[in-house]
2 protein chains.
Amino acid sequence: MSVTTHLKSLQALEMAIREGSLKAVADRLGITPAAVGQRVRSLEDYLGTDLLLRGRSGLKPTAELEHSLKDLHMAFAALVRVTESLDFQRVSEIHIVADPDWAELWLAPRIDGFREEHPHIQFCINGAGDVPVRLGTPDIRIGFSDAQDEPLFSDLLVPVTGPDNVRRIADWDPVMQMEGLPLLHLQAQRDDDDCPGWVEWFQTFGHRKTGPDRGVHYKHTRLALEAVRENVGFLVCGLSLVLRDYESGSIVIPFPVSQHLKAPHPYRLKVRPDSEKRPQVQRFVAWLRNAAGDTRRQIEELAAQSDTDQTG
Amino acid sequence: MSVTTHLKSLQALEMAIREGSLKAVADRLGITPAAVGQRVRSLEDYLGTDLLLRGRSGLKPTAELEHSLKDLHMAFAALVRVTESLDFQRVSEIHIVADPDWAELWLAPRIDGFREEHPHIQFCINGAGDVPVRLGTPDIRIGFSDAQDEPLFSDLLVPVTGPDNVRRIADWDPVMQMEGLPLLHLQAQRDDDDCPGWVEWFQTFGHRKTGPDRGVHYKHTRLALEAVRENVGFLVCGLSLVLRDYESGSIVIPFPVSQHLKAPHPYRLKVRPDSEKRPQVQRFVAWLRNAAGDTRRQIEELAAQSDTDQTG
DNA sequence: TTTCAAACTAAAGATAAACTTTAGTAATGT
DNA sequence: ACATTACTAAAGTTTATCTTTAGTTTGAAA
């Protein structure tokens, strides 16, 4: 019996007939329409027959293909069943312990992308998630741990505020702009010597001389940011934790990013040696490195932009 | 509905279970066993589960895969039906008119390789072949036609003889080696001014002074070469037409190939403009150019070798 | 009719997948 | 013990595939 070649072409063909347009297929496959066209053409060239009538409204199979359509659809339906069945059987848990702020504000909004691709991987992050806690050490730890652990990215601490506050700021005295403004703080900024806040920021960049430690103290950055979004006041906070809010405009960075404090430690990743071998963990770590790389790049970009561009 | 990835892996997997060994799959697919192993592993890594139990005697599916086996086999059986059905429908004829010697001695032994890959393409070469002649001009002409046609390769005319004759030749007078030898000729070498033979060869390279036009005259090179193979005598003949015989040793080139006459014209290819668009014709022409390129290279190599290496 | 937008195509270059090679391991038979 | 067979690992190379950019075609709207 002969062996089927051009599997990808056949798949593209089958989908094209079901979807009715190459563009739709391209979207489903996550490639460009040109690539889909090439897949189909490659098979047509190989066979020396047209298979797809690229008509004005939609696509139709040619007579040659018509005979095979049933088998074609059947084959790929069966393959979908196979992969889905195999997919469901590979359920696997990943247990993570991470800095709570980072987990809530950086990881949580990003992890959905990973989970879509890997619906079979279940998470337990800081005790919560798809699966209950497990005894023993977690598969992955992220925080400000040993200097020998792999760094993910180094954060910059910048003032942030709500979108309404920034409209007012323009009117203020440019030298003492923030005198008397409502400041928000994190408890760690008061309790932890390693966690710079408004006190250090005003020391470095000025803008205010009095009461740099006055104002509400929040335990979790998430709650502080919620207040910020509602224009309650100004907070010094890790840039990485507000990138999405900043992009959507729900949070504003009122000063050039060049006016930042460097976080004393980078976020660091530690994978339990035992877990390192599991392909699911490997995949997640690869994804994590990648996403962290994106964030690093975004931070660098913002810092670089603000050197020249003085809008805030 | 999700889309199936790792199609080639699934195919390899399916075949592995049917065939019982990766090596067997490799042979069927025309790749190395290592490649098959990688295909399967790539899917296993992606899923994070083992799928194939590589046992001492043969391969077995794991429990995970067991559930999907039926669909898996069904899917690829259906795809084989699809491709075979599409294959059979693409029957197509290519009509060729070519120099008879070239068709018999160069094209015929090479075309099988093409036909294996394209069993659906049927040929009519100089009126004979899979399909009967057709009215009108052929799709492809090959011969010594207009100088504007695409050249395939230029031949060299060299003396050839049978394997037994060459053993004797060593004893002969090196200056007049071939005096009195049985010479074979082609009718064209006598009738056609453009077709050099023994007369011109002895004029150029010596080795004999008398009776260069004596001996049997053959109409077709094929028949002359059959005589040569049976050590009937010596013939001047296109190198391209005896390459295979030369390689197998059934025909011998008794002098260095540097002692050759250049064929006055290259073999030229002309494709009917109309036919040029047909993908089957395109594929055949592409194959032809490629095979001609191989021959050109082989000829050049032999000519170059003989400059330094004086064994004949 | 002209103009525009959407979908597809062509060609080239860039990227990523797939394959081969070489070397090595483990099991099986001589 | 030794050779043989089948598989595996890792590296490097080749090939396939994809993206990009620009251009064509089609069908609808102005």
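Just the heavy atoms: all of them, side chains too, but no hydrogens, waters or symmetry mates, feed the values below. A note on names: the letters A, B, ... follow the listed sequences, proteins ahead of strands, and every chain is numbered from 1.
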When the distance from [atom1] of [X] to [atom2] of [N] is rounded to whole Å, what number comes out?
X	N	atom1	atom2	answer
B:Asp50	D:dT8	CG	C1'	14 Å
A:Asp45	C:dA10	CG	P	9 Å
B:Leu59	C:dA27	CG	C1'	14 Å
A:Lys23	C:dT9	NZ	C1'	16 Å
A:Leu22	C:dA10	CG	P	12 Å
B:Asp27	D:dC7	CG	P	10 Å

Next on the checklist: For D:dA6 and B:Arg54 - does any side-chain N or O of the residue sit under 4.0 Å from the phosphate oxygens OP1/OP2?
Outcome noted: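 So the side chain of B:Arg54 is outside the cut-off, no N or O lying under 4.0 Å from OP1 or OP2 of D:dA6.
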Checklist entry - Under 4.0 Å between a side-chain N or O of B:Arg41 and OP1 or OP2 of D:dA9? => result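 It does, given that an N or O in the side chain of B:Arg41 lies less than 4.0 Å from OP1 or OP2 of D:dA9.
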Would you list the protein and nucleotides 15-19 of chain D atom pairs, both N or O, that sit under 3.5 Å from each other?
| unit_1 | atom_1 | unit_2 | atom_2 | d |
| --- | --- | --- | --- | --- |
| D:dC18 | OP1 | A:Arg39 | NH2 | 2.6 |
| D:dC18 | OP2 | A:Arg39 | NE | 3.0 |
| D:dT19 | OP2 | A:Thr32 | N | 2.6 |
| D:dT19 | OP2 | A:Thr32 | OG1 | 2.9 |
| D:dT19 | O4 | A:Gln38 | NE2 | 2.9 |

Checking side-chain polar atoms at under 3.5 Å, does [X] have a donor or acceptor matched by the opposite partner on [Y]?
X	Y	answer
A:Asp50	A:Thr62	no
B:Ser145	B:Asp149	yes
B:Glu84	A:Ser2	yes
B:Ser85	A:Ser68	yes

Checklist entry - Relative to the ring of A:Phe114, is the ring of A:Trp287 parallel (under 30°), tilted (30 to 60°) or perpendicular (over 60°)? => result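 Rings of A:Trp287 and A:Phe114: tilted, 30 to 60°.
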Checklist entry - Can you list every ring pair (Phe, Tyr, Trp, His ring centres under 6.0 Å) pair that touches residues 16-38 of chain B, not counting sequence neighbours? => result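 Counting only pairs at least two positions apart or across chains, no ring pair (Phe, Tyr, Trp, His ring centres under 6.0 Å) contact touches residues 16-38 of chain B.
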Could you list the residues that satisfy side-chain hydrogen bond (donor to acceptor under 3.5 Å, both in side chains) with [X], not counting sequence neighbours?
X	value
A:Asp45	none
B:Gln280	none
A:Glu247	A:Gln298

Checklist entry - Bend angle of the helix from C:dT1-D:dA30 to C:dT30-D:dA1 from five-pair axes at both ends, rounded to 10°? => result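 The two end axes of the helix from C:dT1-D:dA30 to C:dT30-D:dA1 meet at 30°.
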